[in-house]
2 protein chains.
Amino acid sequence: MNISDVAKRTGLPPKTIRYYEDIGLIRPARDTNGYRRFQETDAHKLAFLGRARALGFSIEDCRTLLALYEDETRASADVKRVAQDHLKQIEDKLAQLESMRDTLTHLVHECAGDSRPDCPILKDLARE
Amino acid sequence: MNISDVAKRTGLPPKTIRYYEDIGLIRPARDTNGYRRFQETDAHKLAFLGRARALGFSIEDCRTLLALYEDETRASADVKRVAQDHLKQIEDKLAQLESMRDTLTHLVHECAGDSRPDCPILKDLARE
DNA sequence: CCTTGACCTTCCCGTGACTGGAACCTCTAT
DNA sequence: ATAGAGGTTCCAGTCACGGGAAGGTCAAGG
């Protein structure tokens with residue numbers, strides 16, 4: 001498979017796939033013409049990475065998860081810890097965004113949104 | 001006021017304040033020795049920026065909001081539009097993070113987290 | 001007067017995870 | 001022979017700063 005084939009199969013852009021090789025997440029073989037030649041295992045790894053990224057794991061987490069995946073002697077506790085730490089980060093981020101959303105929803109609701117200059121949003125930001 | 005004074009008052013790091021000058025959000029005066037000399041209006045603008053950033057507005061949004069704040073002839077509708085667009089972005093991001101959280105919560109719950117290699121988290125990522 | 005230490009300045013590099021674009025090579029079909 | 005679709009590498013830019021180097025300035029103490 002060439003890069004565009006595996007890109008279609010995994011949903012990852014070719015640029016991203018090249019980047020993942022650059023940082024050592026995958027090591028596709030090369031044809032004599034220099035083209036990357038992807039095996040099934042490469043496609044599988046890329047799909048794995050795509051799903052891990054879709055769950056918001058960082059590249060470094062992905063590297064760890066991939067290594068654990070390939071390690072038959074792993075402890076599931078190690079996987080769980082990575083996932084739990086990441087979940088914690090997401091929950092923190094959620095709390096922060098919810099707080100922003102609540103404040104903004106309130107402010108937007110207060111603002112007339114007409115042609116007059118008087119605006120509670122700006123008043124709040126300026127703490128007038 | 002020197003930069004560290006206004007940093008204390010606004011809660012923004014000196015680095016951030018210099019950066020805001022760099023990109024033209026503020027224009028503090030200079031003393032003969034080259035030090036920035038902050039007026040009340042500068043401190044006020046920086047506090048405004050700090051609060052807008054805390055609500056998650058991008059720097060470009062902050063630039064727009066600051067310009068609207070200083071424009072006595074603004075229409076509150078223009079402010080409201082910026083805030084509503086931003087609110088929409090936050091709500092989209094929240095939905096995305098909530099989806100990640102739900103999936104991760106489920107997976108973490110399924111995983112024994114012991115010394116055995118069997119792991120539903122990896123199974124899910126690999127779509128085995 | 002000299003030194004010390006805190007403060008200030010500019011400048012450059014690094015962050016995360018790519019994306020866009022340039023310049024160039026290779027394959028396939030006409 | 002050529003056109004077009006693919007592939008390659010490399011460089012720069014994104015966003016909003018933060019770290020750190022190299023050097024100038026200021027106030028206090030000896």
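Keep in mind it's a predicted model, so treat the numbers as computed, not measured.
Closest to the side chain of B:Y20, out of D:dC17, C:dT19, D:dT8, is D:dC17. The side chain of B:Y35 lies closest to C:dC8 when the candidates are C:dC8, C:dC18, D:dC10. Proximity note for A:K15 (side chain, C-beta onward) versus D:dT8, C:dT9, C:dG21: the nearest is C:dG21. In the set C:dT10, D:dA16, C:dC27, C:dC27 carries the atom at the smallest distance from any side-chain atom of A:N33. Side-chain atoms of A:I3 lie closest to D:dG7 of the nucleotides C:dC18, D:dG7, D:dA16. For A:S4, whose side chain is taken as the heavy atoms from C-beta onward, the closest listed nucleotide among D:dT25, D:dC10, D:dG6 is D:dG6. Taking only side-chain atoms of A:R30, from C-beta outward, the nucleotide of D:dC17, D:dT9, D:dG7 with the closest atom is D:dT9.
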Verdict with reasoning, A:L55 to B:L107, per side-chain contact (heavy atoms from CB on, under 4.5 Å): CA-CA 11 Å; A:L55 285 179; B:L107 289 175; 4.2 Å; yes

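Remark: C1' of D:dC15 and CG of B:L25 are 13 Å apart, rounded to the nearest angstrom. Atom-to-atom, CD1 of B:I17 to C1' of C:dT10 comes out at 17 Å; the value is rounded to the nearest Å. The distance from atom CZ of B:R53 to atom P of D:dC15 is 12 Å, rounded to the nearest whole Å. To the nearest angstrom, P of C:dT28 lies 11 Å from CG of A:D31. Rounded to an integer number of Å, the gap from B:D22 CG to C:dC11 C1' is 10 Å. The separation between B:R63 atom CZ and D:dC17 atom P is 12 Å, rounded to whole Å. In this structure, A:R18 places its CZ atom 15 Å from P of C:dG21, rounding to the nearest Å. Separating the CG atom of B:L46 from the P atom of D:dC17 is a distance of 12 Å, rounded to the nearest angstrom.
Look at B:T16 and you won't find any side-chain N or O under 4.0 angstrom from OP1 or OP2 of D:dA16. For the OP1/OP2 pair of D:dT9 and a distance below 4.0 Å, the side-chain nitrogens and oxygens of A:R36 include at least one atom meeting the criterion.
Residue-to-nucleotide proximity on DNA chain D shows that, of A:F38 and B:P13, the 5′-proximal contact is made by A:F38. Taking for each of B:E21 and B:K8 the nucleotide of DNA chain C with the nearest heavy atom, the 5'-most of the two is the partner of B:K8.
Nucleic acid contact class of A:P14 (heavy atoms, under 4.0 Å, all strands): none. Here A:I23 lies out of heavy-atom contact (under 4.0 Å) with every strand.
Between B:D92 and the choices B:Q89, B:Q96, B:K88, the side chain to side chain donor-acceptor pair (under 3.5 Å) rule is met once, by B:K88.
A donor-acceptor pair under 3.5 Å links the side-chain atoms of A:R63 to the main chain of A:I23, judged by distance alone.
In the hydrophobic clustering of ILVMFWY residues, with side-chain heavy atoms under 4.5 Å counting as a link, A:Y35 and A:I26 come out apart. Both A:F57 and A:I59 are assigned to one and the same hydrophobic cluster, defined by single-linkage of ILVMFWY side chains at heavy-atom distances under 4.5 Å.
Every side-chain contact (heavy atoms from CB on, under 4.5 Å) that A:E128 has, sequence neighbours left out, goes to A:K123, A:A126, B:Y69.
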